[in-house]
A.B. asks: 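Once you've had a glance at the structure underneath, I'll fire off some questions.
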Amino acid sequence: MANNRRMSGKKGAQVGSGGQRRRGLEGKGPTPPAEMRKGHAKQRAAAAKVRRAQGRPPQRKGAGRSSSELVVGRNPVYEALRDGVPATMLYVQQFIDNDERVREALQLAAERGNIHLMEAPRPELDRMTNGLNHQGLVLQVPPYEYAHPEDLPAAAYDKGEDPLIVALDGVTDPRNLGAVVRSVSAFGGHGVVVPERRSAGMSAGAWKSSAGAAARTPVARATNLTRTLEQYKKAGITVVGLAADGEAEVGDLAALAGPVVIVVGSEGKGLSRLVGETCDHRVRIPMPGGAESLNAGVAAGVVLYEASRRRS
């Protein structure tokens, strides 16, 4: 009996296995062609070809969307609507005191035609805004669709033009970003590149500062700005950084007449070390008046004007 108990735990060959072992030794047929193997380079290329034939843009790593945003308060909501900031929903408090600012905001929203009006009780608006002083008006701004950094020079070449791009390094004020977008649009540039982290994004404040230019000038978001600039250099685009201690003055740089990306740092710290080392040229803006620095929007406008003048 002891021997039987000892043997009962062992697993032997199963009677009537149905030929499972024999089938396991059989081959799985011929190897499928590379175009049909998931993850193979040729399969990805074939999928991209199908997308192009169907008119669908490829999904690029590094592009993306921002989160939605709320503009709160009667004056901020009115100004956002007046300045063309995109919006999807205008929340209005029930039994609101209908003053002139409220009436103007409602009229602007109605004229847009694509903004939904939603009446909501005050406690609901308090919850949405985390207790901010919304004064009965809350405007929902949709997520911004960022371009991919590679899309900006591609769009320039499609027009038969040399790329003219501005990259921002450490600029955290949305108003400066909006001002740069406005200058890029005014001087025929092809877009703005911002890093994903430690940088201003396309918020309602940036939209307002752009004075409508954000609707026609793309903003791309880079996972790593230094790596993006290196890729631009490999593609034949000159990288020019603005620095107070630059080796040459902006007016002396002939490279502005060709494909170029202009890198602007923050007003206080300037260019970061890695970005500065990546630049082909570091140039300065002469300031006879003795100012120590210019904000990003003004500095970008000066260099963009010089680039536009050389290209005309």
Side-chain angles (χ1 to χ4, degrees), residues 56-57 59-60 62-148 151 168 171-186 191-192 194-221 297:
R56 289 184 292 166
Q59 294 182 347
R60 296 176 181 269
R65 304 174 71 184
S66 63
S67 58
S68 59
E69 182 184 0
L70 296 178
V71 178
V72 176
R74 297 186 183 187
N75 279 333
V77 167
Y78 165 75
E79 291 170 0
L81 291 169
R82 180 197 63 192
D83 295 338
V85 175
T88 54
M89 185 83 71
L90 175 59
Y91 294 92
V92 184
Q93 180 183 313
Q94 290 176 342
F95 313 115
I96 190 173
D97 179 18
N98 195 8
D99 66 5
E100 181 181 0
R101 205 39 114 212
V102 172
R103 289 193 296 271
E104 290 172 337
L106 291 173
Q107 181 179 352
L108 287 171
E111 289 173 354
R112 290 267 197 104
N114 59 351
I115 300 177
H116 299 287
L117 299 179
M118 177 70 70
E119 192 174 36
R122 182 183 181 90
E124 177 64 16
L125 296 184
D126 291 341
R127 184 194 64 77
M128 289 174 54
T129 61
N130 291 322
L132 294 177
N133 184 22
H134 51 73
Q135 300 175 305
L137 288 183
V138 178
L139 187 69
Q140 186 172 40
V141 178
Y144 181 79
E145 293 280 356
Y146 288 96
H148 189 280
D151 295 337
L168 301 182
V171 175
T172 57
D173 189 337
R175 294 170 297 181
N176 270 334
L177 171 57
V180 170
V181 170
R182 186 176 183 180
S183 294
V184 169
S185 177
V192 179
V194 297
E196 279 188 2
R197 295 183 295 274
R198 295 183 292 278
S199 173
M202 283 306 298
S203 63
W207 270 94
K208 287 175 60 178
S209 297
S210 76
R216 55 184 180 272
T217 302
V219 176
R221 192 162 58 178

A.B. asks: CD/Q93 to CZ/R122 distance, rounded to the nearest 0.5 angstrom?
C.D. replies: 5.0 Å

A.B. asks: For the residue pair L125 and T129, what are the closest heavy atoms and their distance?
C.D. replies: O-OG1, 2.8 Å

A.B. asks: What heavy-atom pair brings N75 and R101 nearest, and what distance separates the two atoms?
C.D. replies: OD1-NE, 2.8 Å

A.B. asks: What I want to find out is whether E100 reaches R103 closely enough, with some N-O distance under 4.0 Å, to be called a salt bridge.
C.D. replies: no

A.B. asks: If you measure from NE2 on H134 to CG on D126, what distance do you get to the nearest 0.5 Å?
C.D. replies: 4.0 Å

A.B. asks: How long is the straight-line distance from CD of E69 back to OG of S203, given to the nearest 0.5 Å?
C.D. replies: 5.0 Å

A.B. asks: Are the side chains of S185 and R216 in contact, using a 4.5 Å heavy-atom criterion?
C.D. replies: yes

A.B. asks: Any side-chain heavy atom of L137 within less than 4.5 Å of one from V102?
C.D. replies: yes

A.B. asks: Drop me the distance from E111's CD to L106's CG, to the nearest 0.5 angstrom.
C.D. replies: 11.0 Å

A.B. asks: Between L70 and L139, is there a side-chain heavy-atom distance shorter than 4.5 Å?
C.D. replies: no

A.B. asks: Tell me the closest heavy-atom pair linking L108 and R82, and the distance in Å.
C.D. replies: CD1-N, 3.8 Å

A.B. asks: Is it true that R175 and D173 make a salt bridge, defined as a side-chain N closer than 4.0 Å to a carboxylate O?
C.D. replies: yes

A.B. asks: Any heavy-atom pair between the side chains of V85 and V141 that's under 4.5 Å?
C.D. replies: yes

A.B. asks: Would you say the side chain of V219 lies within less than 4.5 Å of the side chain of V194, judging by non-hydrogen atoms?
C.D. replies: yes

A.B. asks: Quick check: does any side chain N or O of S210 sit under 3.5 Å from a backbone N or O of W207, one acting as donor and the other as acceptor?
C.D. replies: yes

A.B. asks: A side-chain contact here means heavy atoms from C-beta on lying under 4.5 Å apart; do E79 and V77 qualify?
C.D. replies: no

A.B. asks: Using 0.5 Å steps for rounding, measure from the OG1 atom of T88 to the CD1 atom of I115.
C.D. replies: 8.0 Å

A.B. asks: Counting only heavy atoms not in R74 (residues, nucleotides, ligands), do more than 12 fall under 6.0 Å from its CZ?
C.D. replies: yes

A.B. asks: Might you point out which heavy atoms bring Y91 and Q140 nearest each other, and give the distance in Å?
C.D. replies: OH-OE1, 4.0 Å

A.B. asks: Judged by modelled atom types alone, do T172 and R198 share a side-chain donor-acceptor pair under 3.5 Å?
C.D. replies: no

A.B. asks: Within the structure provided, determine whether V192 and L177 are in side-chain contact (heavy-atom separation under 4.5 Å).
C.D. replies: yes

A.B. asks: From E119 CD over to L90 CG, what is the distance, rounded to the nearest 0.5 angstrom?
C.D. replies: 11.5 Å

A.B. asks: Closest heavy-atom contact between G136 and I96?
C.D. replies: O-CD1, 3.6 Å

A.B. asks: Locate the shortest heavy-atom distance separating A179 from G297; write the atom from each residue and the value.
C.D. replies: CB-CA, 4.0 Å

